[in-house]
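What you see is a predicted model, and the numbers here were worked out from it, not measured in a lab. In listed order, ligands and their atoms are each counted from 1. The figures here come from the full heavy-atom set of this structure, side chains too, leaving out hydrogens, waters and symmetry mates.
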Amino acid sequence: MPNSKYSFQTISMIGLGYIGLPTATLFASRKKKVIGVDVSEHAVNTINSGKIHIVEPELDMLVHAAVTEGYLRATRTPEPADAFLIAVPTPFKGDHKPDLSYIESAAKAIAPILNKGNLVILESTSPVGATEQMSAWLSEARPDLTFPQQAGEEADIQIAHCPERVLPGKVVHELVSNDRIIGGMTRKASEMSVALYKIFVEGACIVTDARTAEMCKLTENSFRDVNIAFANELSMICDKLEINVWELVELANRHPRVSILQPGAGVGGHCIAVDPWFIVDTTPDEARLIRTAREVNDFKPEWVLNKIKAAVLDTMATKQGSTISDIKVACLGLAFKPDIDDLRESPAVDITRNLAALGCQIVAVEPNIEVLPPKLAQANISLATLDEAVETADVICVLVKHTPFIEAVETLRQHAYCIDSVGIFA
Ligand code: SAJ
């Protein structure tokens with residue numbers, strides 16, 4: 001039950017992306033007045049017309065209802081509210097150092113309209129200490145108000161870190177049902193945050209401090225990264241030893257305390273390939289395993305690319321007088337993981353682009369998109385159906401385990417040269 005000590009009539013979400021928009025919409029679906037803020041005019045206009053600018057199951061209907069019923073409104077300029085949630089990107093810079101500039105801009109944008117009694121929650125995945133840093137930025141901008149670092153429980157503005165932990169593709173369901181880590185800079189901030197999330201969260205809201213909450217999110221994604229790296233390293237070892245890694249993983253997983261993940265073409269997306277670096281950056285001497293896992297996973301696309309290159313050269317050798325531009329390679333899958341349309345930080349996109357750079361003809365098959373992304377818009381790459389690709393390609397490489405590819409496994413098996421980086425033939 002929501003804590004009746006705190007009531008939130010107006011909630012503001014800063015950043016209306018993959019996390020911010022669904023979160024804002026769920027508050028609105030519980031009949032709270034929600035003001036969504038985003039720097040993108042396109043995002044703001046799309047949402048205000050009751051539509052969505054991202055792809056996420058169930059979200060379109062919810063946004064349409066929330067906007068039509070008047071509970072959700074988007075704007076580019078922040079407005080006063082009882083609680084502010086910040087869900088903006090936290091990428092890393094070229095040297096793997098976290099880039100907190102979006103958090104800083106968001107803090108500076110809301111600072112002028114903060115009022116005594118407000119709660120500010122940072123949801124963006126952040127390095128340890130970022131919430132305190134955000135509080136310092138707010139305090140600098142508003143010397144007339146007190147913040148937890150100065151006044152603790154009595155502060156005018158309470159601050160917490162409550163990381164999002166939802167899986168793309170299942171965001172709406174997981175936002176409601178997952179447990180939530182609530183890291184207040186003070187006990188009061190945690191209590192207020194629990195009351196806020198309980199408006200729609202059915203999972204448990206577990207209270208800790210801000211730094212532990214920050215580290216908890218980084219730990220979850222690093223845990224997954226390290227485990228995927230283990231699977232990817234095994235795949236390279238097994239290749240050398242001529243052992244089928246998929247069979248090996250299945251057999252080893254029959255042990256009651258072994259649960260190995262699946263090797264693939266590399267780790268993509270904007271979370272798992274990024275967040276572990278935040279730990280490495282703050283504690284470089286200690287985070288040796290976490291760093292190595294990142295390196296193993298980052299190397300995997302190059303390893304797959306080399307396998308495909310070898311196949312291309314083999315094929316050229318068998319085709320008398322052929323040059324590289326005569327060889328057609330089918331790349332099956334461009335998304336960063338199975339059965340989604342999200343191409344961000346996708347190893348499959350990088351492998352496809354690097355293959356094209358060699359000069360061969362590429363037919364890309366990605367059943368979840370209709371046009372090639374700008375990164376792949378070049379003369380020797382075309383988007384094709386699976387049938388067209390299989391029929392015409394000299395070499396096939398399976399880069400993502402999409403369901404339609406699994407369904408076509410028998411056809412793929414018959415092809416003379418098929419490189420399987422995801423275990424489709426397992
Ligand atoms: N992958 C493998 N083998 C596997 C599992 C995944 O190669 O056995 C690859 C995928 O193909 C993909 C990458 O790893 O390229 C990441 O995919 P994912 O499904 O593991 O994770 P994300 O990035 O979609 O979402 C993760 C989730 N974190 C955890 O599972 C610990 C999600 O709960 C987080 O909310 C999300 O990161 C985030 O926003 O941080």
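Within the 4.0 Å heavy-atom criterion, the part of Arg224 lying near ligand 1 is the side chain and not the backbone. Residue His270 does not touch ligand 1, judged by heavy-atom distances below 4.0 Å.
The closest approach between any non-hydrogen atom of Gly269 and ligand 1 is not below 4.0 Å. In this structure, Gly266 counts as a contact residue of ligand 1, since one of its heavy atoms falls inside 4.0 Å of the ligand.
In summary, Lys300 and Glu233 do not engage in a salt bridge, as defined by a charged side-chain N under 4.0 Å from a carboxylate O. A salt bridge links Lys375 to Asp350: at least one charged side-chain nitrogen sits closer than 4.0 Å to a carboxylate oxygen. By the 4.0 Å N-to-carboxylate-O rule, Asp95 lies too far from Lys97 to be salt-bridged with it. At a threshold of 4.0 Å, the pair Arg73-Glu79 counts as salt-bridged, since one of the basic side-chain nitrogens sits closer than that to a carboxylate oxygen. A salt bridge links Arg165 to Glu220: at least one charged side-chain nitrogen sits closer than 4.0 Å to a carboxylate oxygen. Between Glu164 and Arg180, no side-chain nitrogen of the basic residue sits less than 4.0 Å from a carboxylate oxygen of the acidic one, so the salt-bridge criterion is not met. The existence of a salt bridge linking Asp394 and Lys328 is excluded, since no basic side-chain nitrogen approaches an acidic carboxylate oxygen closer than 4.0 Å. We find that Arg187 and Glu191 are joined by a salt bridge, their nearest charged nitrogen and carboxylate oxygen being less than 4.0 Å apart.
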- [ ] Begin with the C-alpha distance, continue with both residues' side-chain angles, and end with the deciding distance and a verdict on salt bridge (charged side-chain N to carboxylate O under 4.0 Å, His left out) for Asp225 and Arg294.
- [x] CA-CA 7 Å; Asp225 198 43; Arg294 267 295 62 246; 2.8 Å; yes

inquiry  = Is there a side-chain contact (heavy atoms from CB on, under 4.5 Å) between Phe27 and Phe8? Walk through the geometry before answering.
reply    = CA-CA 10 Å; Phe27 280 120; Phe8 301 97; over 6 Å; no

Apply side-chain contact (heavy atoms from CB on, under 4.5 Å) to Tyr102 and Thr90, showing your working. CA-CA 7 Å; Tyr102 295 92; Thr90 39; over 6 Å; no

* To do: Walk me through it: do Leu100 and Trp137 pass the test side-chain contact (heavy atoms from CB on, under 4.5 Å)?
  => CA-CA 11 Å; Leu100 300 188; Trp137 281 321; 4.1 Å; yes

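Ligand-side atoms of ligand 1 in range of Lys217: 34 (C), 35 (O), 38 (C), 39 (O), 40 (O), range being under 4.0 angstrom from any heavy atom. Every atom of ligand 1 with a heavy atom of Gln262 under 4.0 Å away is listed here by number and element: 2 (C), 3 (N), 4 (C), 7 (O), 8 (O). Atom numbering of ligand 1 starts at 1 in the shown order; those under 4.0 Å from a heavy atom of Glu164 are 35 (O), 38 (C), 39 (O), 40 (O). Within the listing of ligand 1, atoms 24 (O), 25 (O) sit less than 4.0 angstrom from a heavy atom of Pro168. Residue Glu220 approaches ligand 1 through these ligand atoms, each under 4.0 Å from one of its heavy atoms: 31 (C). Numbered from 1 in the order shown, with element, the atoms of ligand 1 that lie under 4.0 Å from a heavy atom of Cys271 read 36 (C), 37 (O), 38 (C), 39 (O), 40 (O).
At least one N or O atom of Val166 sits closer than 3.5 Å to an N or O atom of ligand 1. Ligand 1 has no N or O atom lying under 3.5 Å from any N or O atom of Glu174, backbone or side chain. Considering backbone and side-chain N/O atoms, Pro347 never comes within less than 3.5 Å of an N/O atom of ligand 1.
In this structure, the protein non-hydrogen atom closest to atom 21 (O) of ligand 1 is Ile272 CD1, 3.5 Å. For atom 15 (O) of ligand 1, the closest non-hydrogen atom on the protein side is Phe336 O, 2.6 Å. The single protein non-hydrogen atom nearest to atom 33 (O) of ligand 1 is Arg165 O, 2.9 Å, given as residue, atom name and distance. Given atom 17 (O) of ligand 1, the protein heavy atom at minimum distance is Lys337 CD, 3.8 Å. For atom 16 (C) of ligand 1, the closest non-hydrogen atom of the protein is Gly268 O, 3.8 Å. Considering only non-hydrogen protein atoms, atom 27 (C) of ligand 1 sits nearest to Leu167 CD1, 3.7 Å. The nearest protein atom to atom 14 (O) of ligand 1, hydrogens excluded, is given as Ile228 CD1, 3.4 Å; this is a heavy-atom distance.
The closest donor-acceptor contact from the side chain of Ser193 to the backbone of Ala160 lies at 3.5 Å or more, if one exists at all.
Taking all heavy atoms of Ile19, Val274, Leu218, Asn221 into account, the minimum distance to atom 29 (C) of ligand 1 is reached by Asn221.
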